[in-house]
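This chain uses plain numbering: 1 for the first residue, then up along the sequence.
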Amino acid sequence: MVHYLRLGIAGAAAGMLLTAIPAAHAVSAAEPTTPKRVTAQVTLRYDASRAAGWEQAVSAGVASWNGNVGNVKLVKATPGSRAEIQIVATTGWPQATLGPVRPGGRARVELGSQAVSQGHDKTRIVAHELGHNLGLPDTKPGPCSQLMSGSSAGTSCRNAVPDAAERSRVENAYAGGAAAHTRTGGRVLVDAPY
C-alpha cells in the first residue's frame, strides 16, 4: 500500500505535486505522532515459605490478583531475597497489613486456620488478605461477589476474584508506580467473623 503526501507549491493553486512515499515512512504534518502510553508495573515479591499447608491456596490467590490487575504483579521471592509480603500460617483468624505496600516495604499476611476450621475457603482467604496488602479495606457486610466482604459472605462463598470496583481501586493505588510514593499506615486488619 502506498500513501501519498500532498505538498502545496506556493502561489500556484493549480500546481500540486503528489509524491509517493512508502507506508512505513509516511507521516502527515497535520498528524503528529504520539508516543505509546506505557503503564508502569510495580512488582511485589512475596515469601510463603512459612505457609505450610496453604501452598495451593497461595498460588491460586496470587494468580487471581495477577490475572485481574495489570499494573501490579505479585511474584514469588527467590530463597534468601527480601520480600515485601510475608505470608505465614497461624492458628488464629486471618489478618493482614493494610497497604498499599510499596516496593522495598513490608507487609504481612497471616493465614489463620481458625477460619478454615469454621468452613471458609482457603483460596478466598488468601486473595482477600492479599487485597489488604494491596490497599483494600474490608467491605463488611457484603455479598460473595465482593472479595473484600471476607467472612461476612458466609462459609458457602468460594469467590476469590476481586470485583470491578476492587480491581479499579488497586489499579489506581499503583497507577504509574504511585504506590512507591504512598505512605502506608501499617494497620493490621483482622478478618474475624462479622
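By the 4.5 Å heavy-atom criterion applied to side chains, Arg169 and Pro137 are counted as neighbours. Proximity of Ser64 to Val161: side-chain heavy atoms (C-beta onward) are separated by under 4.5 Å at one or more points.
When all heavy atoms are compared, the tightest approach of Ala107 to Val101 is CB-CG2, 3.8 Å. Heavy atoms only, all atoms of each residue included: Leu136 and Leu98 are closest at O-CD1, 3.6 Å. In terms of heavy-atom proximity, Asp121 sits nearest to Cys157 at CB-O, 4.0 Å. Nearest heavy atoms, Val116 versus Lys122: CG2-CG, 3.7 Å. For the residue pair Val69 and Glu171, the shortest heavy atom distance occurs at CA-OE2, 3.1 Å. Shortest non-hydrogen contact noted between Tyr46 and Val58 is CE1-CG1, 3.8 Å.
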Legend entry - Criterion side chain to side chain contact (heavy atoms under 4.5 Å, CB included) on Leu111 and Thr90, from CA distance to verdict: CA-CA 6 Å; Leu111 302 173; Thr90 67; 6.0 Å; no
Inset, instruction - Verify side chain to side chain contact (heavy atoms under 4.5 Å, CB included) between Val88 and Asp47, making sure each step is shown before the conclusion. - result: CA-CA 8 Å; Val88 299; Asp47 176 2; over 6 Å; no
Inset, instruction - Go through the steps to decide whether Val170 and Trp65 satisfy the test side chain to side chain contact (heavy atoms under 4.5 Å, CB included), and finish with yes or no. - result: CA-CA 10 Å; Val170 170; Trp65 280 109; 3.8 Å; yes
Inset, instruction - Before giving the answer on side chain to side chain contact (heavy atoms under 4.5 Å, CB included), spell out for Tyr174 and Leu44 the whole-Å C-alpha distance, their side-chain angles and the decisive distance to 0.1 Å. - result: CA-CA 11 Å; Tyr174 288 92; Leu44 300 173; 3.7 Å; yes
Inset, instruction - Step by step, work out the side chain to side chain donor-acceptor pair (under 3.5 Å) result for Ser149 and Arg124. - result: CA-CA 10 Å; Ser149 66; Arg124 179 173 168 84; 2.8 Å; yes
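Applying the salt bridge (Lys or Arg N to Asp or Glu O under 4.0 Å) test to residues at least two apart or on different chains, none of the pairs has a partner in residues 63-74. The side-chain hydrogen bond (donor to acceptor under 3.5 Å, both in side chains) analysis of residues 76-85, with sequence neighbours excluded, yields the pairs Arg45-Glu84, Thr78-Ser81.
Remark: the backbone N or O of Cys144 is not paired with any side-chain donor or acceptor of Arg158 at under 3.5 angstrom. Without hydrogens or angle criteria, Trp54 side chain to Ala89 main chain gives no donor-acceptor distance under 3.5 Å. Not one N or O on the side chain of Gln95 forms a donor-acceptor pair closer than 3.5 Å with the backbone of Val109. The backbone N or O of Lys140 lies less than 3.5 Å from no partner atom in the side chain of Asp138, so there is not a single donor-acceptor pair. Here the side chain of Asn71 pairs no donor or acceptor atom with the backbone of Gln41 at under 3.5 angstrom. In this structure a side-chain-to-backbone donor-acceptor pair under 3.5 Å is missing from Thr97 to Asn133. Using a distance-only test at 3.5 Å, with no hydrogens or angles considered, a donor-acceptor pair links the side chain of Glu166 to the main chain of Asp163. Between the side chain of His128 and the main chain of Leu147, a donor-acceptor pair closer than 3.5 Å is present.
Around the CD atom of Gln114, the shell of radius 6.0 Å holds more than 12 heavy atoms that belong to other residues, nucleotides or ligands.
The structure places CD1 of Ile85 at 11.0 Å from CZ of Arg106, a figure rounded to the nearest 0.5 Å. Rounding to the nearest 0.5 angstrom, the gap separating the CD1 atom in Ile87 from the CG atom in Leu130 is 5.0 Å.
With sequence neighbours left out, the salt bridge (charged side-chain N to carboxylate O under 4.0 Å, His left out) criterion links Arg108 to Glu110.
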